[in-house]
Amino acid sequence: MSQPDLDAWRTQVRQWLATVLEPARETEATGDLAVFHNLPEDEERLLLERCRVYQRARFDAGYQALTLPGDKGGAGLTAAHVAAFAQEESAFEVPPSTELISVTVRLVGMSVSLFGTAEQRDEYARAFLRTDLLACQLFSEPGAGSDLAAVRTRARRDGEDWVIDGQKVWTSGAQFADFGLLLARTDPDVVKQAGITAFLVPMDAPGVEVRPIRQMSGGASFNEVFLSGVRVPDRLRIGRPGQGWEVATTTLAFERTASGSGNRRKGGTFPDVLALARSLDRTGDPLVRQQLADLYVRTALRAATVDRVARASAAGDKPGPEASLTKLMASDLLSRTGQVAAELLGARISADTGEPGTFAWTQHLLGAPGYRLAGGTDQIQRNLIGERVLKLPPEPRVDRVPFSQLPGN
Ligand SMILES: Cc1cc2nc3c(=O)[nH]c(=O)nc-3n(C[C@H](O)[C@H](O)[C@H](O)COP(=O)(O)OP(=O)(O)OC[C@H]3O[C@@H](n4cnc5c(N)ncnc54)[C@H](O)[C@@H]3O)c2cc1C
């Protein structure tokens, strides 16, 4: 597909955005600085509806799934177009998105488009990209987080169905999702990565039980999901049997790209800290000035890295390991931002006194550690950068034997 000129395309995007959104207002220091959502269920449902109106308009205008190849239902554009879209969007009041919207559109929708059959693309991927259906990510398990290829949830073939038994954990938004993209072990007698298959599981299927997990921030945005004898028809298998690891790693690369470069507001940013320092009359303090300058430089570096990674990728490419760089920089910046705000506020950060901007920063501080874990921990991103970007010697691997021969199986 021929590439539209980036500047001309950017102008079209800006004009379209002006037809569906209001221009951005100045950020107020007292805004929502939560990294993850902590809303009561009815408010979360209302927010999801607001997000869906915008996502549908975006899909209908042809601005969703920008980097997917045309024959997979995408626009066949480059990551530079994604970055340009995000830049243009930041000049408007975009409805605050949620983890589930992001997982549905930017992870599951993309992966089902890439790995699904033409029928699955028509029936499911399109509905995910348009948020007509919402999908969560049923990957992590109690014994398979960083070592995701160790999943123990089993799927065994039974006629035209697969029967799934096991447990998932940390599933963001499962209580609101229509489907889950699930990884299950279908062949324990090959190395662990080779025996995994991906499925779309209807979250209302008999045998699926969702139990919310209460977080230290007070919310319960993620869940445990138990699967007991869940029957899933073979037509909901995504990719070939045994191709689940490729589906997983592609989905995770989309996740790192989304977390590292996305526009969705996650916690406080440099302008919020600056506003806080001004409101406390601390901008004359040389130590505070140094901390603010450090945050400013890191913010600029992160933006430049997002831009560089975007420019390096070709049209229709799956995201590469460089996405780990931007995810790592984003989580590091989030933690540092919280630390500077905490030092500025001192003891005031620990209580909801009603004073503007205090409890908002508590929400940031309580959410930032989770961001260092979600989508692959900081340490795992460093391993990926070391091995796949810098080509350093890999970690020792002691598990190149059939999964069933690993200790504990
Ligand atoms: C807010 C949030 C939302 C999430 N949402 C989802 C979701 O929707 N769906 C889903 O499937 N999962 C989700 N997760 C789970 C997330 O993917 C895992 O928490 C993450 O992959 C880490 O796995 P773990 O928690 O099992 O930690 P572990 O893998 O047990 O790691 C423990 C510690 O050991 C370190 N470590 C492990 N292996 C290595 C290694 N090889 N080298 C160096 N250090 C290592 C880790 O960095 C970490 O510090 C979410 C997590 C969070 C925090």
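In what follows, every heavy atom counts, from backbone to side chain, and hydrogens, waters and symmetry copies are set aside. Whatever order the structure lists ligands and atoms in, that order sets their numbers, starting from 1.
For the pair Gln167 and Glu141, the minimum side-chain heavy-atom distance is 4.5 Å or more. In this structure the side chain of Arg382 never reaches within 4.5 angstrom of the side chain of Thr377, judged on heavy atoms.
A cation-pi arrangement is present between Lys327 and Tyr371, with the terminal nitrogen or guanidinium carbon under 6.0 Å from the aromatic centre and inside a 45° cone about the axis. Relative to the ring axis of Phe85, Arg58 places its NZ or CZ within 45° and under 6.0 Å from the centre.
Closest protein heavy atom to atom 43 (C) of ligand 1: Gln379 CB, 3.7 Å. Among all non-hydrogen protein atoms, the one lying nearest atom 17 (O) of ligand 1 is Ser140 OG, 3.4 Å. At the shortest separation from atom 9 (N) of ligand 1 among protein heavy atoms lies Gln137 O, 2.8 Å. Nearest protein neighbour of atom 8 (O) of ligand 1, counting heavy atoms only, is Ser172 N, 2.9 Å.
The pair Arg126-Asp122 does not count as a salt bridge, with every side-chain nitrogen at least 4.0 angstrom from each carboxylate oxygen. Using a 4.0 Å cut-off between charged nitrogen and carboxylate oxygen, Glu41 and Arg45 count as a salt-bridge pair. A salt bridge is defined here as a Lys NZ or Arg NE, NH1 or NH2 lying under 4.0 Å from an Asp or Glu carboxylate O, and Arg56 with Asp60 fails to meet this definition.
There is no protein heavy atom less than 4.0 angstrom from atom 33 (C) of ligand 1. Within the 4.0 Å cut-off (strictly below), a protein heavy atom is located near atom 2 (C) of ligand 1. In this structure, atom 52 (C) of ligand 1 has a protein heavy-atom contact shorter than 4.0 Å. The protein reaches atom 38 (N) of ligand 1 closely, with a heavy atom under 4.0 angstrom from it. In this structure, atom 12 (N) of ligand 1 is in close contact with the protein, since a protein heavy atom lies within 4.0 Å of it.
Close approach to Leu373 involves these atoms of ligand 1, each under 4.0 Å from a residue heavy atom: 20 (C), 53 (C). Which parts of ligand 1 touch Ile380 is read off a 4.0 Å heavy-atom cut-off, strictly below it: atoms 38 (N), 39 (C), 40 (C), 41 (N).
Checking Asn409 against Ser404 by side-chain atom types alone, no donor-acceptor pair falls below 3.5 Å. Side chains of Gln120 and Arg235: no donor on one and acceptor on the other come within 3.5 Å. Tyr63 and Glu89 are not linked by any side-chain donor-acceptor pair at a separation below 3.5 angstrom, with hydrogens and angles left out of the test. In summary, the side chains of Gln291 and Gln339 do not present any donor paired with an acceptor at a separation below 3.5 Å, with no hydrogens or angles considered. Donor-acceptor pairing under 3.5 Å is recorded for the side chains of Arg372 and Ser335.
For Phe222, every heavy-atom contact with ligand 1 shorter than 4.0 Å involves the side chain, none the backbone. Under 4.0 Å from ligand 1, the heavy atoms of Asn383 that appear belong solely to its side chain. Only the side chain of Thr377 comes within contact range of ligand 1, with a heavy atom under 4.0 Å; no backbone atom does.
The aromatic rings of Phe179 and Phe128 sit perpendicular, their planes meeting at an angle over 60°, well past the 30° parallel limit.
Around atom 23 (O) of ligand 1, the closest heavy atom drawn from Ala174, Gly145, Gly173 belongs to Gly145. Counting only non-hydrogen atoms, the option in Ala150, Ser146, Gly143, Gly375 that gets closest to atom 36 (N) of ligand 1 is Ser146. Among Trp170, Phe139, Phe36, the residue whose heavy atom sits closest to atom 6 (C) of ligand 1 is Trp170.
No heavy atom of Val103 sits closer than 4.0 Å to any atom of ligand 1. Under a 4.0 angstrom heavy-atom cut-off, Glu395 registers as being in contact with ligand 1.
Residue contacts with ligand 1: Asp147 is placed with no nitrogen or oxygen under 3.5 Å of a nitrogen or oxygen of the ligand (distance criterion only). Below 3.5 Å of separation, one finds no N or O of Glu141 facing any N or O of ligand 1.
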